[in-house]
Every structure is written in structure tokens, then in C-alpha cells.
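Heavy-atom basis, side chains included; hydrogens, waters and symmetry copies ignored. Both ligands and their constituent atoms are indexed starting at 1 by order of listing.
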Amino acid sequence: MSTDSRPPTDPTTILDARFRAAIHAVSALDADPQIRLSTNPNFGDYQANAAMSLAKETKGNPRDLAGALAAKVDLAGIAETPVIAGPGFLNIRLERSFISAMLQAMDNASLGVEPTKETHAAVVDLCGVNVAKQMHVGHLRATIIGDTIARVFERLGRKVWRENHLGDWGLPIAMTLAALRRSRVDLDRLSLTDLNDAYRRAQLEGRSDDAGLAAARATGVGAHRLAELQAQAESAGEAIQDAKATLLRLQGGDPEVVAAWQKIIDCTMREVYASTSTLNAKVGAEHNRGESFFRDRLAPVVEAFQSAGLAKEDQGAIVVPFADRERPLLIRKSDGGFLYATTDLAALRFRTHDLDGSRVIYVVDARQRDHFKDVFDAAAMIGWDRTRDGNKSEITHLGFGTVLGKDKRPLKTRSGENFTLKDLLDEAMERGVAEVTRRAQDPNAPTHGMRHAELEWVGRAVGIAAIKYADLSNDLTKDYVFDLDRMVAFEGDTGPYLQYAHARIANILAKAMDSAAQIASAAHAVHEPAERALALHLLRYPQMVLDVARTLETHRIGAYLRTLAECFNAFYQSCPVLKSEDASVRQSRLRLCALARRVLQDGLSLYGIDAPERM
Ligand code: ARG
């Protein structure tokens, strides 16, 4: 569990403490006061719901208990005397001066988000691309969700390790290397297309159609077809032999093979980094710790499980059996080879122990659920689920759903291929640029007359926001339909809508022409109901960030920002800012605008979404 305390500027924190004291005074119990947001602002801003459960525990009357709490609780300078409702709810209306004071306290560089006291690191397994393969839509999710989780922990001041567990080792790579050598491709001029072709060829060559051959023999197809199938089977055998020999040379550190291997990694990663940078996701070479990193730790993993008596031999292979299920975890094949799971065991131990991660989060396709369950359970059995100082780490597989096409099937191009990430991003940015350019034609648009290069920058930011928001603002475990038309719209539940809301506030502030210092020196006054609603929502920002760190539910950020945009719109509709007659009211409203703008920008930055000043 996180040791983070509640945000000091959130009214809930203070109400919780005051009611806790009152409960203790009234019942001698230390109980959760159950402070909740009020469901109806007409009755108050918050409610304390503890009386009902307390009454059950003390065998008292809930309304009487509520009355006693209302009389006892010290809310001087914080709220009016609570009002009892229904079976024993207490409705709480905050004092204006208290809301202003809290806003004042939150309106600093950190926006009320306090640095964590946790000194252990958080480790985020993200991206996870495979060498020699194009990055596809699935890696989009692993990259941007992982990046957002990392940003949230970083926002809380935590040490974060972004670990790109690159698939850069093993037989598939050796197959590609061997195929490249056979086709005499110049590795210094290697393009990703060459690499993909080689990968595909290697996969085809390696697939011997033994079953087809047997069936052909049995059904007695023509001699020609039989010969064809036989040749394929034989060359498949050769391709596999070639690949196995190449793998041995790679594993043995043969300089020529290692150099070729490094070149195909570089070629793959150039494209990956181009995409992560377009996506505004912080994944670069410094986050690279692929499967190959763990190659010397695989034999020791197996030995450790064996000497702990946790592994056993099964037909020449080594497996880790579990008490509660049939399926064991295979950690060494009968031919002596290691597996994906062996590498993940080594990596997990590295993350908890060497990186000192007390929180380790695997942002990987939900379809790998069983794999991670087995790896985590095996690691717990051997005690690798602990930080260097022996604290138990919280280890999570954040399994995300599949990106679907409009036909509700996994997203494919028209010719049936996986969409490459690059195609998708290019199209989204094109759409963004087209939309922004179209809008700029309106003479009243703030972007009217903007330089072409700048419009293009805004348009690209819109396209990327569209994709990222659509991905991050839903329940991550669910599949979702990739619908660019809907995602890129300025209206509705979209990233561009939030960017637009931000740009509108920026526009108001620009029109006001007051300096930032002038605005910051105004008092936060909260009079109108819409101002109050906006202020109360702003005060919830730090808790929202903590909640995302705790639950890993990135959609909470989107939901928070959407409500913020709505509160702001309601405020701006009912409370004149620039046209306000009273200078001090104008100033305090501008200050509220400025704070709302910064919170929107900060929240969008957790998604890695840019917030242009003009749109
Ligand atoms: N390369 C893997 C794949 O494409 C994902 C790696 C996920 N991370 C891990 N530690 N297993 O399926």
C-alpha cells in the first residue's frame, strides 16, 4: 500500500480529521468518517456518512449519533454546522473563506500535488517491441499507457524506471539474421522494410509443412505437388538449422554475428523512437533493457529454483509446479533452452532487488495474463517479490484490451495486415492539421492568420491528442474501436475538446492583458454557485492524481478534466470575467481562470498531450 497521506489542500482531508476527532469524542471509536462529495449541491458540498455504520456498531440510533457528531465536530472557519438528513447523513456546507484559503494554498507551482514520501522506486514495463518487427497498434497501447503511468508517479516525485523489455534475443532474431545473410542484404543500408521482409521470409522458410506432407502422401496427390512439399520441408529444416547455428554464434559472442545483431536492433529502434517521440511518450534508448540483458542470468534462475526445491524435472525439461493448479511454469526446455518466462523471472528479480522497485507494473496485452500470473507466483515462492531492504513489492500486470476496427475485429489494413503504428499516427496528424486549418479560415477564430508552420504544429498536436485520449480515457482492460472521425472531433468526449477548452481559457487570459504577476496577486474570492463548483473541483486535483497512482486507472484523469472543462464552461457562462464591473471581482475571476488553465495543462501533460495556447 502507498504511504502517501491525503493532500493538505483537499477539503476532504480536513473534514476527515475533524470528524474523526468528533467520532472519537462521541463513541471512543477510531472510525472512518466516510466523507463524500455531496450528490446534490443544494444540500451542501460534502457529506459525512459514518453515523449509520457507527450506530450499527454501538447499537445506537443513527440520527441521534449524527446529531451528537454535528454538535461535537469543530468546524470553526471551515464549514457551517452540519445538517442531518435522511437516516443520519450529515450535510456539510463549506465557508467561502475556507474555500478561498484552500485555493490560495493550492495555487502554487505544484498545484497542491505533494511529493511522495516513498523512497523506493516504481518500475514500469512499457513498449515491449520486438526487434525486426514493425511496431503495431498493440505497442501503441503498451507505450502510451506505460508512459502515462510513469508520468503520474513522476508527478508525485517518485523515482521511476521505464523499462522497455525489448524482444531482442532468441531464435526468431537468429532466423531473421540468417535470412538476411542468405539474401546478402547490406546491413549498413538496412531499412525497416528489408528487415520486415527478412523477418517474414524467415518465418515462412522456417515453417515446414510436415502435416501437409503427410496428408499429401496419404491422399496420393500428384508427384509434382509432393516433390514441391518435400522440398519445402527440407529447406525449412535447413533454415531452422541455419538459424540454430546462428543463435549459437550469437550466444557465444561471435563478433560478426553480434555486430549484425546490433545493426538490426539499431534499425528497429530508430523507427520505434521516431514513433515514441511523435507520440510524446518518454521512451528512448536510455530505457532499453531488452531480453538480451538478462541472458547471463537465465541459468542462475533455473539453478536458484532447483536449489530452493521449487523446480522439478519433467521429461527432460525443468518446471516449477504450483500448489493450486495443474499448469506448471516451464523454465528450461528439454534441449536446454530458456524461455520467455525464464527471462521474465530474471527481470522481475532485477526490478525488485536491483532497481529497488516497491511497485512494479507490467503494461502488457491482457492476453498474457496467465504468463504473468505464473511468473509473479513463482517469484513470490522464491522471495523475489521484495525490495533490497526486504519490503514486499506490489507487482501488477496492467493488462490492456485490443484495439478493434469498425468491424469489431482486431484492427487490420484493407489487405489484412496489422496496421503499423506509423501509418496510424500519420493519418491522425493529417486529420488534425486538416481540421485546424479549416477552422482557421473563420475570421473570428483565434488561429485566423496563424503562420502555416504553427497551424501544422497545432494540428499534429490535435491528431496525437485524439489518439492518446481515446486510448487512455477508457477502462484500459476493455477492447475499443479505433474510430478516427470520432476521436479527432472538437466536440464530445475527446482529447481535442480538452485542448480546445484549455485554449479558450488561454484566450480569455490573453485578452485580459493583465500580467501573470498581477493575476497571481489577486485574492481568490468565491461567490457565485458556478464559481464555487469550479473551485471545489479544482481542489480535487491532487487527490485525483493520487487515486490514479493507486488504482492505475488512467481514465480518471480524462474524467476529471472533462468535468473541469464543464465546470469552467458553466462558470464562464454565468460569471462575467472580462466584462465584470467590479475590478476586484474581475481580478479574482481571472485568477480562477488562470488556475483552471494550469490544472488543465498539467492534467493533459499526464497523458503526454500538448496544450496549445491558440486553437
Ligand atoms: N515483447 C513482448 C511481446 O511483444 C512484450 C514484452 C512485455 N514485457 C515483459 N516483461 N514480458 O509480446
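- Geometrically, Arg297 does not engage Phe294 in a cation-pi contact, judged by NZ or CZ lying under 6.0 Å from the ring centre and within 45° of the ring axis.
- Within 4.0 Å of ligand 1, contacts by protein heavy atoms are made from Asp125, Gly128, Asn130, His139, His165, Tyr340, Asp344, Tyr362, Val364, Gln368, Phe372.
- Judged purely by atom type and a 3.5 angstrom limit, Lys468 uses its side chain to pair as donor or acceptor with the backbone of Leu279.
- Legend: salt bridge (Lys or Arg N to Asp or Glu O under 4.0 Å) pairs involving residues 137-151, not counting sequence neighbours, sorted by first then second residue: Arg141-Asp471, Asp147-Arg151, Asp147-Arg162.
- In this structure, CG in Leu180 is found 6.0 Å from CG in Leu190, a value given to the nearest 0.5 Å.
- Side-chain contact between His165 and Leu126 is absent, with no heavy atoms from C-beta onward closer than 4.5 Å.
- Under the 6.0 Å distance and 45° angle rule, Arg351 does not count as a cation-pi partner of Trp161.
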